[in-house]
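Computed from a predicted structure; not experimentally measured. In what follows, chains carry the letters A, B, and so on, assigned in the order in which the sequence lines appear, proteins first and then strands, with residues in each chain numbered from 1.
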Amino acid sequence: MPELPEVEVVRRGLQAHVVGRRIDSAIITGPRAARRHLAGAADLADRLAGKDVTAARRRGKYLWLALADREGRAQALVLHLGMSGQLLVSDAGTTTPRHCHAVLRFGDDGPDLRFVDPRTFGGLALAEVDAQGIPAPVAQIAADPFDPAFDQESVVRRLKARQTAIKRALLDQRLVSGIGNIYADEALWRAALHGERRASALTRPVLRRVLDHASDVMGEALEQGGTSFDAMYVNVNGASGYFDRSLNAYGQQGRPCARCRTPIRREEFMNRSSHYCPRCQPRPRATR
DNA sequence: CGTAGATCCTGTTAGC
DNA sequence: TGCTAACAGGATCTAC
């Protein structure tokens, strides 16, 4: 599932293959893909035509293409991959894949950009940007750990005020962005913390540690994902090698914990799976 | 406002 | 072999 490292791999692909080109036309076929663009799919396609792509940026799991019109006015095409979104750079003649909901065509002879998303949790929207170039829908998203503006002490302060489970807080994109279920479980395993521990009850050093682990695990995934990135195929699965080799908790139920050999457990939490070592990460007492 | 749970969706896989 | 049910989870909406 695309979390920060996978989305960053896609951003780099957009940087390499889309930035500096002028959009000639757009075709938006999936109504759900444009649901965040309130004026509708046809309006979105109209407004994209003729725009220059000036940058490919990211905050957490949100991607956007910075756009400039003929007068140089800035806007942004915000892209979210959801659960299953992919951005493919492919020649216009090639077969359109199943679940392709949007195509950008460019004024040059280069390849198209296609948005493919079977589960349709992702989407595109045109947005206004602020003075820093941040699109309106991204404004309430917190900095991710790789953002120069990331302020760990501020996140720790806010975590100390949260009465909710630490895992839920880590997944709240308004607190710290980029972390999804996989990396939350991995960070909690590394920090030897059960995800249902109350955030406010953890000490500041422990909170710093879990944030550091989240940053580390995503950085390591990015290193591996970045190397297997195919030049012409911008694929959210670029980091899949990481999933095969380096996970200690996520999807490891029944396998021995790498620290203590106790079998990893899987439980339902927040309508999704949580994976943890029952010995290294003991469940909190029934205080919550 | 903070918190918690339900919901959207379809390809893949496990199990009978 | 073929079918069904469970499973995957990011973001948003609603209710309390």
Side-chain angles (χ1 to χ4, degrees), chain A residues 1-11 29-38 58-64 78-88 97-102 115-125 127 135-142 144 155 157-188 195-201 214 218 221 235-237 239-240 242-244 247 249-254 264-276 284 287-288:
Chain A
M1 314 307 149
E3 301 181 26
L4 186 152
E6 295 77 27
V7 177
E8 174 58 17
V9 169
V10 174
R11 191 201 65 76
T29 46
R32 266 184 65 78
R35 68 193 183 284
R36 301 289 166 215
H37 188 85
L38 298 181
R58 180 189 59 72
R59 176 182 280 179
K61 304 170 198 171
Y62 283 81
L63 271 175
W64 67 94
V78 179
L79 302 158
H80 200 291
L81 301 175
M83 290 285 302
S84 56
Q86 296 180 321
L87 290 166
L88 307 179
R98 230 163 112 69
H99 305 298
C100 177
H101 306 308
F115 177 68
V116 178
D117 185 16
R119 284 188 238 177
T120 73
F121 282 14
L124 323 77
V138 184
Q140 77 279 12
I141 301 298
D144 62 63
V155 177
R157 267 198 304 279
R158 296 182 64 193
L159 284 170
K160 281 298 283 183
R162 286 278 173 137
Q163 300 307 305
T164 193
I166 180 64
K167 179 166 179 180
R168 182 179 271 273
L170 290 176
L171 293 174
D172 186 339
Q173 306 296 302
R174 297 164 305 175
L175 215 49
V176 50
S177 71
I179 304 173
N181 199 44
I182 295 169
Y183 297 113
D185 278 1
E186 291 300 309
L188 289 165
E196 292 185 46
R197 298 277 294 272
R198 187 196 298 254
S200 61
M218 291 195 293
N235 191 340
V236 297
N237 298 320
S240 62
Y242 184 79
F243 300 148
D244 298 338
L247 297 176
Y250 182 83
Q252 305 301 303
Q253 59 273 22
I264 297 292
R265 195 172 289 172
R266 181 176 78 85
E267 282 178 10
E268 190 169 308
F269 175 60
M270 292 174 65
N271 275 336
R272 42 188 49 65
S273 290
S274 282
H275 311 75
Y276 68 100
T287 50
R288 49 168 297 111

Peer 1: Applying side chain to side chain contact (heavy atoms under 4.5 Å, CB included), name anything that partners A/Lys167, two or more places apart in sequence or on another chain.
Peer 2: A/Leu171, A/Asn181, A/Ala184, A/Asp185, A/Leu188, A/Phe269, A/Ser274
Peer 1: Between B/dC1 atom C1' and A/Leu175 atom CG, what is the distance in whole Å?
Peer 2: 15 Å
Peer 1: Find the distance A/Met83:CE to B/dC9:P and express it as a whole number of Å.
Peer 2: 14 Å
Peer 1: Can you sort out the partners of A/Thr29 under side chain to side chain contact (heavy atoms under 4.5 Å, CB included), two or more places apart, ordered by chain and number?
Peer 2: A/Ile27
Peer 1: Output all residues satisfying side-chain hydrogen bond (donor to acceptor under 3.5 Å, both in side chains) with A/His37, sequence neighbours left out; order by chain, then residue number.
Peer 2: A/Asp43
Peer 1: Five pairs per end, C1' atoms only: what is the angle between the end axes of the helix from B/dG2-C/dC16 to B/dC16-C/dG2, to 10 degrees?
Peer 2: 40°
Peer 1: Could I get the full list of salt bridge (Lys or Arg N to Asp or Glu O under 4.0 Å) partners for A/Glu3, not counting sequence neighbours?
Peer 2: none
Peer 1: Just how far, in rounded Å, is P of B/dG11 from CD of A/Gln86?
Peer 2: 13 Å
Peer 1: Using salt bridge (Lys or Arg N to Asp or Glu O under 4.0 Å), reason through A/Asp117 and A/Arg32 one step at a time and then give a plain yes or no.
Peer 2: CA-CA 10 Å; A/Asp117 185 16; A/Arg32 266 184 65 78; over 6 Å; no
Peer 1: Return the 5'-most residue of the pair A/Arg98, A/Ala161 with respect to DNA chain B, ranking by each residue's nearest nucleotide.
Peer 2: A/Ala161
Peer 1: Take atom CG of A/Asp172 and atom P of B/dT3, then tell me their distance rounded to the nearest Å.
Peer 2: 9 Å
Peer 1: Mind calculating the distance between CD (A/Glu268) and P (B/dT7) to the nearest angstrom?
Peer 2: 13 Å
Peer 1: Figure out the CG/C1' separation between A/Leu170 and B/dT3, and round it to whole Å.
Peer 2: 16 Å
Peer 1: Under the side chain to side chain contact (heavy atoms under 4.5 Å, CB included) test, which residues partner A/Pro31, sequence neighbours left out?
Peer 2: none
Peer 1: What is the distance from atom CG of A/Leu170 to atom CG of A/Leu175, rounded to the nearest 0.5 Å?
Peer 2: 8.0 Å
Peer 1: Parallel, tilted or perpendicular: which fits the ring planes of A/Tyr62 and A/His80, with parallel below 30° and perpendicular above 60°?
Peer 2: perpendicular
Peer 1: Quick one: salt bridge (Lys or Arg N to Asp or Glu O under 4.0 Å) partners of A/Arg59, sequence neighbours excluded?
Peer 2: none
Peer 1: Grab the CZ-P distance between A/Arg168 and B/dA6 for me, whole Å please.
Peer 2: 11 Å
Peer 1: Using a cut-off of strictly less than 4.0 Å, decide whether A/Ser84 has a side-chain nitrogen or oxygen near OP1 or OP2 of B/dT10.
Peer 2: no
Peer 1: Test of understanding: with side-chain hydrogen bond (donor to acceptor under 3.5 Å, both in side chains), list the residues that count as partners of A/Arg272, not counting sequence neighbours.
Peer 2: none
Peer 1: OP1, OP2 of B/dG11 versus side-chain N and O of A/His99: anything below 4.0 Å?
Peer 2: yes
Peer 1: Atom CZ of A/Phe269 to atom C1' of C/dA8: distance rounded to whole Å?
Peer 2: 18 Å
Peer 1: Please enumerate all protein N or O atoms sitting under 3.5 Å from an N or O of nucleotides 11-14 of chain C, with distances to 0.1 Å.
Peer 2:
{"residue": "C/dA11", "atom": "OP1", "partner": "A/His80", "partner atom": "NE2", "Å": "2.2"}
{"residue": "C/dA11", "atom": "OP2", "partner": "A/Lys61", "partner atom": "NZ", "Å": "3.4"}

Peer 1: Given B/dT10, B/dT3, B/dG5, identify the nucleotide with an atom nearest to the side chain of A/Asn271.
Peer 2: B/dG5
Peer 1: Name the nucleic acid region contacted by A/Arg32, choosing base, sugar-phosphate or nothing; use a 4.0 angstrom heavy-atom cut-off, strictly under.
Peer 2: sugar-phosphate
Peer 1: A/Arg266 side chain N/O closer than 4.0 Å to the phosphate oxygens (OP1, OP2) of C/dA8?
Peer 2: yes
Peer 1: Quick check on C/dA8: is either OP1 or OP2 less than 4.0 Å from any side-chain nitrogen or oxygen of A/Ser273?
Peer 2: yes
Peer 1: Does a side-chain N or O from A/Arg119 land closer than 4.0 Å to OP1 or OP2 of C/dA8, or not?
Peer 2: no
